[in-house]
Amino acid sequence: LSPAPDPVATVGPSPAFAPGKFGGALVAGAESTLLRYRTDGNLVPQAGSVSLWVKPVNWGTDGCFHSFFESGQERQGLGWLVLYKYYRNNWLLLRYADEADQVGMAQGLADWKPGEWHHLVGTWSPEGIRVYVDGELSGTAPRPLVAQSLGDTFALGDNGWHLPHRGAQTLIDEVRIYSYPLSPE
């Protein structure tokens, strides 16, 4: 990934790392760093995949959002692509909105316990939007959407949006972005 130019390279304190699934993992959470990268050259709005390992360190029944990957902005005239855990239940969502605020969303389940690593893959294309959890198809969107633009940067971390998860930490490791939707294999 190509880091975005300052001052949008990081939001929050300096990045911290902990032992990960494969080397060092980004320590993420409300009090941690949100890393931003350039969309151009890294992310294709029309089709692609994001793959990453996630470990809830000390989540409880916190009733908070956990957003791991986000590009664009909802309702700002851009496309919006976000992979997150919904705050009220165990839904894991890959949500894609186009410039007209039409939304396609793949919904899977994330019954996770603290200390366990989970592999997530979200794919998007005109043929479909899919979420895979630990190698299994977990959800598909009823109607696929793609956008023309996803904004200048995308973020990695664990953003709690308007429901921050004070003290809850997440480890994120081995983030990979592809310019095509990965197959189930």
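Along the sequence shown, residues are numbered consecutively beginning with 1.
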Measure the [atom1]-[atom2] distance between [X] and [Y] for me, rounded to the nearest 0.5 Å.
{"X": "Y84", "Y": "S67", "atom1": "OH", "atom2": "OG", "result": "8.5 Å"}
{"X": "K55", "Y": "D173", "atom1": "NZ", "atom2": "CG", "result": "10.0 Å"}
{"X": "R36", "Y": "F154", "atom1": "CZ", "atom2": "CZ", "result": "10.5 Å"}
{"X": "E174", "Y": "L52", "atom1": "CD", "atom2": "CG", "result": "10.5 Å"}
{"X": "D158", "Y": "K85", "atom1": "CG", "atom2": "NZ", "result": "10.0 Å"}
{"X": "S138", "Y": "H118", "atom1": "OG", "atom2": "NE2", "result": "11.5 Å"}

Hphob cluster co-occupancy, [X] + [Y], side-chain heavy atoms under 4.5 angstrom:
{"X": "L150", "Y": "Y178", "result": "no"}
{"X": "L83", "Y": "W124", "result": "yes"}
{"X": "L120", "Y": "L81", "result": "yes"}
{"X": "V50", "Y": "F22", "result": "no"}
{"X": "I177", "Y": "V131", "result": "yes"}

- request: Show the numbers, then the answer: is there a side-chain contact (heavy atoms from CB on, under 4.5 Å) between T140 and I129?
  value: CA-CA 6 Å; T140 60; I129 300 172; over 6 Å; no
Please name the pair of heavy atoms, one in [X] and one in [Y], separated by the smallest distance, quoted to 0.1 Å.
{"X": "A47", "Y": "S125", "answer": "CB-CB, 4.0 Å"}
{"X": "P56", "Y": "E116", "answer": "CD-O, 3.3 Å"}
{"X": "H66", "Y": "A168", "answer": "CE1-CB, 4.3 Å"}
{"X": "L34", "Y": "G157", "answer": "CD1-CA, 3.9 Å"}
{"X": "T39", "Y": "S71", "answer": "OG1-OG, 3.8 Å"}

statement: Result for side chain to side chain contact (heavy atoms under 4.5 Å, CB included) between Y37 and one of V175, T153, L156 points to L156
[X] side chain to [Y] main-chain N or O, any donor-acceptor pair under 3.5 Å?
{"X": "D134", "Y": "H119", "result": "yes"}
{"X": "S51", "Y": "V121", "result": "no"}
{"X": "T123", "Y": "L182", "result": "no"}

message: Do P184 and Y132 make a side-chain contact, defined as non-hydrogen atoms from C-beta onward lying under 4.5 Å apart?
response: yes
- request: Start with the C-alpha gap between V54 and F68, add the side-chain angles, then the distance that decides, and say whether side-chain contact (heavy atoms from CB on, under 4.5 Å) holds.
  value: CA-CA 8 Å; V54 174; F68 315 115; 3.8 Å; yes
field: side-chain contact (heavy atoms from CB on, under 4.5 Å) assessment of L26 paired with L171
entry: CA-CA 6 Å; L26 176 68; L171 299 183; over 6 Å; no
field: Candidate pair L137 and R130, rule side-chain contact (heavy atoms from CB on, under 4.5 Å), full reasoning
entry: CA-CA 7 Å; L137 180 63; R130 294 176 179 81; 3.9 Å; yes
- request: On the 0 to 90° scale, with breaks at 30° and 60°, tag the W117-W53 ring pair as parallel, tilted or perpendicular.
  value: perpendicular
